[in-house]
Amino acid sequence: MITKTVDQIALKFSYKRGKDGNGKDIIKCQRFNNINLNATDENLYNLGEALSNIVKYPVVSIEREEDSILSKTE
């Protein structure tokens, strides 16, 4: 059987910074590493919502990124 162990959690917060010379959206991302491994999806979303109150630009996405270790157990 294969087991997955979450090794690290990060929050990726993306927002629209404006438009470039060609009229395309400029998307900026911030990544917050070393989030507590017990953080729930709701915790991360609420953190993203709090960040959206600080950043003066429209939020594009709030993402959970995980680094995991896969191992085989006998």
Side-chain angles (χ1 to χ4, degrees):
M1 181 165 87
I2 304 299
T3 58
K4 176 179 108 172
T5 304
V6 177
D7 186 47
Q8 183 177 348
I9 296 175
L11 172 70
K12 182 178 173 188
F13 179 78
S14 303
Y15 54 94
K16 192 183 310 182
R17 182 71 195 264
K19 303 251 183 209
D20 67 11
N22 296 322
K24 293 185 179 182
D25 290 336
I26 298 171
I27 306 296
K28 296 289 184 178
C29 298
Q30 296 278 310
R31 184 181 167 142
F32 300 90
N33 296 315
N34 299 320
I35 302 291
N36 186 311
L37 295 178
N38 295 321
T40 64
D41 292 341
E42 185 173 355
N43 295 144
L44 291 177
Y45 188 83
N46 289 338
L47 178 56
E49 287 280 300
L51 290 170
S52 72
N53 292 325
I54 297 170
V55 177
K56 60 183 175 182
Y57 303 105
V59 175
V60 174
S61 67
I62 300 169
E63 300 175 41
R64 175 189 185 109
E65 294 183 342
E66 290 183 355
D67 289 336
S68 302
I69 298 171
L70 299 177
S71 57
K72 187 174 185 177
T73 55
E74 305 276 334

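Atom set for the values below is all heavy atoms of this structure, side chains included, hydrogens, waters and symmetry mates excluded.
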Any chance you could measure Asn43, atom CG, to Arg64, atom CZ, to the nearest 0.5 Å? 8.5 Å

Would you compute the distance between atom OG1 of Thr5 and atom CG of Asp67 and round it to the nearest 0.5 angstrom? 12.5 Å

Can you measure from CG (Leu37) to CG (Asp7) and round to the nearest 0.5 angstrom? 7.5 Å

Heavy-atom check, side chain of Leu51 versus side chain of Phe32, under 4.5 Å: yes

State, yes or no, whether a side-chain contact exists between Ile9 and Leu44 at a heavy-atom distance under 4.5 Å. yes

Where Glu66 and Val6 come nearest, the two heavy atoms and their spacing: OE1-CG2, 3.7 Å

Taking every heavy atom of Ile27 against every heavy atom of Ser14, the minimum-distance pair comes out as CG2-CB, 4.2 Å

Does some side-chain heavy atom of Glu49 sit less than 4.5 Å from a side-chain heavy atom of Ile62? yes

Could you check whether any side-chain heavy atom of Lys16 comes within less than 4.5 Å of a side-chain heavy atom of Tyr57, counting everything from C-beta outward? no

Is there a path of hydrophobic side-chain contacts, each under 4.5 Å between heavy atoms of I/L/V/M/F/W/Y residues, joining Val55 to Val60? no

In Å, rounded to the nearest 0.5 Å, how long is the span from OG of Ser71 to NZ of Lys4? 12.0 Å

Donor-acceptor under 3.5 Å (Asn36 side chain, Asn38 main chain): yes

What's the spacing between Leu70 CG and Ile2 CD1 if we round to 0.5 Å? 7.0 Å

Can you confirm whether Ile26 sits close enough to Lys19 that some side-chain heavy atom of one is under 4.5 Å from a side-chain heavy atom of the other? no

Rounded to the nearest 0.5 Å, what separates atom CD in Glu65 from atom CD1 in Ile35? 11.0 Å

pair Phe13-Ser52: side-chain heavy atoms closer than 4.5 Å: yes

